[in-house]
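A short write-up of the structure that comes next.
All values derive from a computational prediction rather than experimental measurement.
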Amino acid sequence: MESREEERKGSGGAATGVSTPGANLKDLVSREYYGHKKKVHSVAWNCLGTKLASGSIDHTARVWTIDPHGHSKVKDIELKGHTDSVDQLCWDPNHPDTVATAAADKSIRLWDARSGKCQVIELSGENINITYKHDSTQIAVGNKEDDLTILDVRTLKVVKKHKSNYEMNEIAWNKAGDLFFITTGLGHVEVVKDLEFLKPCKLNAHTAGCYCIAMDPLDRYFAVGSADSLVSLWNVKELLCVRTFTKLEWPVRTVSFNHTGEFIAYASEDPFIDIANVETGRSIHQIPCKAAMNSVEWNPKYNLLAYAGDDKNKYQADEGVFRIFGFETHN
């Protein structure tokens, strides 16, 4: 398992760096992390920002212990047990060593990231989306058949099931846990109060399918990425669209807010990841990339952005790599 630093510079504005206040984003670099045998579908940080989990189509997840200042050697453990692609993963919002994986083998697994042991929950379809409730009591899982399952984390029992007659994509709870958001292939976002799925509020968000969603850590906004290449920013309380981010030309696959709620990163098949100022909508930096991106996620404590995509090596085989942007060159 190895990491290496690479120069990835673009157009940048003033922003807070990891170690030096006032450092420009354009002066920061990305590091590459190798370990997976095939492409990485999902990256996610734990609640302390000290560990990153990666899920791959090689049927494994890995947990990487990463010094946010880039000084110490990277350590990782392999989480083996799934028999098909690990499509998405998420950490328990309150426990830094519990990570949940959703896989195409029709199971989800709750892992202890220290021991590599897990609990297995068998479900009915190929799982592609997973998210924790902020109080850690429930997990929501979506599959390719547009079934949604809500699980009680303590008992590992199903507490709610919902079948949709149209495409359901990424899902999320608000911080209070009373609102549940579903992005759909019809271009709207369903907002469900207290898991009453038969009474959703439907927000006409985009002119094409909505693929991804992210919640602002300050609980002011949520952002939705769409096949129309736009990201829309919504006020959580009023459920009104505040602005859109327009730098991409391809369907938006992934979106994330940084820990202060100041920046938003979003990506697609375009040859860069755009980072924009949330309040102005202005693009402040672009990270060049060589392939379509599958997942971007900001660290919950530092301005470090993990990202992973469909990278190939010179032999046109999957690289199995993810990267983290935000390190200073001398680290």
Side-chain angles (χ1 to χ4, degrees), residues 1-3 33-68 72-143 147-161 171 173 294-295 297 299-301 306 308 320-322 324:
M1 311 324 126
E2 59 176 305
S3 73
Y33 298 82
Y34 289 87
H36 287 288
K37 296 178 179 69
K38 294 185 178 177
K39 68 182 175 183
V40 177
H41 263 178
S42 182
V43 287
W45 295 94
N46 72 350
C47 59
L48 299 180
T50 55
K51 292 182 177 179
L52 184 136
S54 54
S56 168
I57 65 171
D58 68 8
H59 306 180
T60 72
R62 286 179 178 269
V63 172
W64 309 71
T65 301
I66 293 172
D67 176 356
S72 64
K73 187 169 172 56
V74 175
K75 294 177 289 187
D76 75 313
I77 67 165
E78 188 176 47
L79 305 180
K80 293 169 72 173
H82 282 297
T83 58
D84 208 334
S85 174
V86 178
D87 279 345
Q88 200 171 49
L89 44 74
C90 61
W91 290 87
D92 184 313
N94 301 293
H95 297 91
D97 289 303
T98 302
V99 63
T101 53
D105 62 10
K106 302 185 180 181
S107 76
I108 71 163
R109 292 176 180 244
L110 300 182
W111 303 84
D112 183 322
R114 295 160 297 190
S115 68
K117 294 179 179 176
C118 70
Q119 297 170 293
V120 184
I121 304 103
E122 299 289 346
L123 296 175
S124 59
E126 296 182 37
N127 303 305
I128 51 175
N129 291 297
I130 189 166
T131 189
Y132 260 98
K133 196 173 182 179
H134 286 275
D135 64 3
S136 303
T137 60
Q138 294 179 333
I139 289 175
V141 186
N143 68 23
D147 299 318
L148 189 66
T149 304
I150 311 294
L151 295 159
D152 184 300
V153 172
R154 292 157 295 193
T155 65
L156 305 184
K157 301 291 187 189
V158 175
V159 295
K160 197 126 210 170
K161 274 194 160 187
I171 48 182
W173 267 284
N294 298 317
S295 182
E297 185 163 300
N299 184 294
K301 306 287 185 185
V321 63
F322 70 88
I324 299 174

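- The CZ atom of R109 lies 12.5 Å from the CD1 atom of I130; values are rounded to the nearest 0.5 Å.
- No donor-acceptor pair under 3.5 Å is formed between the side chain of T60 and the backbone N or O of L79.
- Judged by distance alone, the side chain of N294 and the main-chain N or O of V40 form a donor-acceptor pair under 3.5 Å.
- Heavy-atom minimum distance, T131 versus W173: O-CZ3, 3.7 Å.
- A distance of 8.0 Å separates CD in E78 from NE2 in H36, rounded to the nearest 0.5 Å.
- With 3.5 Å as the limit, one finds a donor-acceptor pair spanning the side chains of D87 and H41.
- A donor and an acceptor atom, one from each side chain of S54 and W64, are located under 3.5 Å apart.
- Distance alone, capped at 3.5 Å, places no donor-acceptor pair between the D92 side chain and the S136 backbone.
- A distance of 9.5 Å separates NE2 in H134 from CG in N94, rounded to the nearest 0.5 Å.
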Quiz item: Does the side chain to side chain contact (heavy atoms under 4.5 Å, CB included) test come out yes or no for W111 and I77, once each step is laid out?
Solution: CA-CA 12 Å; W111 303 84; I77 67 165; over 6 Å; no
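- Here the CZ atom belonging to R62 is positioned 13.0 Å from the CG atom belonging to L52, to the nearest 0.5 angstrom.
- The backbone N or O of K38 lies less than 3.5 Å from a partner atom in the side chain of S56, making a donor-acceptor pair.
- One distance of note links CD1 of I108 with CD1 of I139; it measures 5.0 Å at 0.5 Å rounding.
- At least one donor-acceptor pair closer than 3.5 Å links the side chain of D105 to the backbone N or O of T83.
- Going from atom NZ of K51 over to atom OG1 of T65 covers 5.0 Å, rounded to the nearest 0.5 Å.
- Side-chain atoms of D67 never come within 3.5 Å of backbone atoms of V74 as a donor-acceptor pair (strictly under, hydrogens ignored).
- Within a 6.0 Å sphere centred on NZ of K160, other residues, nucleotides and ligands contribute more than 12 heavy atoms.
- Under the 3.5 Å distance criterion, the side-chain polar atoms of S42 are matched with a main-chain donor or acceptor of L89.
- The environment of NZ in K133 is crowded: more than 12 heavy-atom neighbours from other residues, nucleotides or ligands sit within 6.0 Å.
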